[in-house]
Amino acid sequence: MIRVVLPAGKEQHQHDAPGEVTLLCLEGEVLIQAGAQSHTLREGDFLHLVPRIPHVLRALQDASLLVTICLVPG
């Protein structure tokens, strides 16, 4: 698990992960562009991403997220 903290207006550039990803918004508001879809997460919202989907996170307000990546051994 990783805690991601983004100040308002900041973003994580496009990237992907080798496994399934879950994002839980702990506070604030963040816009997530994943593939052709966009999602706005607010405190308590949860999002699942499939492996290798390119995504960008941009904080609309100061935000923190709990990110979990499921990696399969081997």
Side-chain angles (χ1 to χ4, degrees):
M1 287 186 259
I2 303 166
R3 183 172 179 173
V4 175
V5 177
L6 291 172
K10 297 292 183 180
E11 77 175 33
Q12 281 193 338
H13 297 285
Q14 182 172 303
H15 60 284
D16 64 26
E20 293 181 63
V21 175
T22 60
L23 301 124
L24 173 63
C25 185
L26 300 173
E27 61 185 341
E29 185 175 13
V30 65
L31 176 67
I32 300 171
Q33 181 73 37
Q37 297 184 334
S38 62
H39 308 272
T40 301
L41 298 183
R42 295 174 185 86
E43 184 177 333
D45 289 344
F46 182 85
L47 181 67
H48 172 263
L49 299 177
V50 296
R52 298 283 180 208
I53 189 164
H55 55 281
V56 176
L57 284 72
R58 183 174 41 143
L60 303 176
Q61 300 175 358
D62 291 346
S64 65
L65 301 124
L66 181 63
V67 179
T68 304
I69 303 171
C70 179
L71 301 174
V72 177

Hydrophobic clusters here meaning ILVMFWY residues chained together by side-chain heavy-atom distances under 4.5 Å, can you tell me if [X] and [Y] are in one?
X: V72; Y: V21; answer: no
X: L23; Y: L71; answer: yes
X: L6; Y: V67; answer: yes
X: I69; Y: V5; answer: no
X: I2; Y: I53; answer: yes

Any side-chain heavy-atom pair of [X] and [Y] under 4.5 Å:
X: L57; Y: H15; value: yes
X: V30; Y: V4; value: no
X: E43; Y: L41; value: no

Considering all heavy atoms, the nearest [X]-[Y] contact:
X: V56; Y: H13; answer: CG2-C, 4.3 Å
X: Q14; Y: P54; answer: NE2-CB, 3.5 Å
X: C25; Y: L65; answer: CA-CD2, 3.9 Å
X: Q37; Y: Q33; answer: O-NE2, 3.3 Å
X: P51; Y: P18; answer: CB-O, 3.8 Å

* Working for side-chain contact (heavy atoms from CB on, under 4.5 Å), residues D62 and E27 -> CA-CA 8 Å; D62 291 346; E27 61 185 341; over 6 Å; no
* To do: Nearest 0.5 Å please: distance from the CG atom of L60 over to the CD atom of E11.
  =>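 One gets 11.0 Å once the value is rounded to the nearest 0.5 Å.
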* To do: Show your reasoning for whether side-chain contact (heavy atoms from CB on, under 4.5 Å) applies to L26 and R3.
  => CA-CA 9 Å; L26 300 173; R3 183 172 179 173; 4.1 Å; yes
